[in-house]
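The next block holds one structure in the form of structure tokens; read it before the comments.
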Amino acid sequence: MSFSWHQEPHFSQRNNWLRAGVLGANDGLISIASLLFGLAAAKPDPQTVMITGFAALVAGALSMAAGEYVSVSSQADTEKADLHKEQHELTHNPEQELAELCQIYQDRGLSHELARQVAEQLTQQNALQAHARDEIGITEISQANPLQAAFASAISFCVGALLPVLVTLLSANSAVMLNLAISTLIGLALLGYCSAKLGGAPVLPAICRILIWGVLSLGITSLIGFYFGLSA
């Protein structure tokens with residue numbers, strides 16, 4: 001009989017940083033490209049476009065980091081409160097908590113006797129961990145990490161935003177909008193492809209949905225830019 005000693009990594013282990021990373025890169029690319037696209041449609045001077053692009057990149061990265069840190073910290077605070085509450089119940093009502101854990105395992109298909117044995121053994125090993133995982137749904141994989149989310153969001157926002165800023169910087173005035181549109185759609189397609197591959201998801205739907213939002217964003221901001229450019 002052969003045995004497999006290989007480790008089996010799961011895509012869900014990447015959820016914390018993958019969600020923040022994809023969100024940051026997508027936001028950076030779409031928001032900065034749309035901003036510069038709309039601004040270019042109004043035909044301002046090149047210096048204004050570049051200052052706007054770099055200022056938006058820095059402000060957006062800081063905003064993404066702060067937003068992720070605050071929101072994920074709130075999630076972490078809620079998880080800590082639940083764990084504190086559960087620890088209090090384990091201290092003051094251990095039998096009731098054991099019965100509750102036993103019922104959870106019965107609901108999952110174990111017999112009463114086996115569910116009782118499992119609940120007792122897990123309680124002896126680490127009662128709080130058992131209740132956190134099976135009653136509340138908190139695991140090491142899903143547990144909130146504010147700093148990790150903030151860092152991933154800020155860096156990925158900069159990576160996404162850097163593409164339209166560089167394209168604008170290197171393009172002639174007459175070709176800025178065309179180059180921005182092409183590079184943004186290519187960047188969004190690559191982002192959709194990479195996020196799907198990292199998450200183990202189908203590639204085509206991921207690319208299509210991100211391109212649809214990109215086209216809408218570019219189209220709406222260009223209309224706004226043309227309107228104000230004509231009105232000026």
Side-chain angles (χ1 to χ4, degrees), residues 3-28 61-157 159-160 191-192 194-202 205-206 209-210:
F3 294 92
S4 175
W5 296 97
H6 75 283
Q7 291 184 342
E8 185 181 4
H10 294 280
F11 294 114
S12 58
Q13 294 175 348
R14 304 170 178 171
N15 277 348
N16 281 335
W17 62 266
L18 181 59
R19 180 193 64 83
V22 170
L23 177 62
N26 178 71
D27 193 22
L62 293 174
S63 176
M64 285 293 293
E68 280 291 330
Y69 185 82
V70 170
S71 63
V72 178
S73 292
S74 297
Q75 179 186 340
D77 290 342
T78 301
E79 291 174 351
K80 289 177 183 177
D82 273 339
L83 292 175
H84 180 75
K85 180 180 179 181
E86 198 62 34
Q87 185 61 65
H88 179 272
E89 292 299 320
L90 286 168
T91 302
H92 294 86
N93 301 295
E95 285 301 322
Q96 184 176 346
E97 288 298 307
L98 180 62
E100 192 175 45
L101 198 59
C102 180
Q103 186 60 51
I104 290 172
Y105 298 140
Q106 283 185 255
D107 293 339
R108 293 180 182 176
L110 299 184
S111 65
H112 175 75
E113 293 77 12
L114 182 56
R116 182 79 182 185
Q117 291 177 16
V118 172
E120 288 176 347
Q121 289 187 27
L122 290 177
T123 297
Q124 291 173 4
Q125 185 178 15
N126 192 323
L128 182 59
Q129 185 183 68
H131 282 270
R133 180 183 59 247
D134 296 320
E135 182 182 346
I136 307 174
I138 299 175
T139 65
E140 290 183 0
I141 295 176
S142 65
Q143 202 162 11
N145 188 325
L147 286 176
Q148 183 186 62
F151 182 77
S153 292
I155 295 299
S156 58
F157 184 95
V159 171
L191 177 60
C194 292
S195 63
K197 284 296 184 180
L198 287 171
R209 62 179 173 241
I210 199 170

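- Between Glu79 and Asp82 the shortest side-chain heavy-atom distance does not fall below 4.5 Å.
- Judged purely by distance below 3.5 Å, without hydrogens or angles, the side chains of Glu100 and Gln96 never pair a donor atom with an acceptor atom.
- Put simply, the residue from Glu113, His112, Glu120 that forms a side chain to side chain donor-acceptor pair (under 3.5 Å) with Arg116 is Glu120.
- With rounding to the nearest 0.5 angstrom, the CG atom of Leu101 is 8.5 Å from the CD atom of Glu97.
- Nearest approach of Ala115 to Cys102, heavy atoms of both residues: CB-O, 3.5 Å.
- Taking every heavy atom of both residues into account, Ala132 and Leu83 meet most closely at CB-CD2, 3.5 Å.
- The shortest side-chain heavy-atom distance between Asp134 and Tyr105 falls under the 4.5 Å cut-off.
- The closest side-chain donor-acceptor pair between Glu89 and Asn93 falls under 3.5 angstrom.
- To the nearest 0.5 angstrom, Ile104 atom CD1 is 6.5 Å from Arg108 atom CZ.
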Steps toward side-chain contact (heavy atoms from CB on, under 4.5 Å) verdict (Thr91, His88): CA-CA 5 Å; Thr91 302; His88 179 272; 5.8 Å; no
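- Atom NE2 of His131 is separated from atom CG of Asn126 by 10.0 Å, given to the nearest 0.5 angstrom.
- Rounding to the nearest 0.5 angstrom, the gap separating the CG atom in Leu147 from the OG atom in Ser73 is 7.5 Å.
- Annotation for Ala65 and Ala150: closest pair O-CB, 3.4 Å, computed over non-hydrogen atoms.
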Worked verdict on Gln75 versus Ser71 for side-chain contact (heavy atoms from CB on, under 4.5 Å): CA-CA 6 Å; Gln75 179 186 340; Ser71 63; over 6 Å; no
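- The CG atom of Asp77 lies 13.5 Å from the NE2 atom of His84; values are rounded to the nearest 0.5 Å.
- Taking CD of Glu68 as the reference point, atom CD of Gln148 lies at 10.5 Å (rounded to 0.5 Å).
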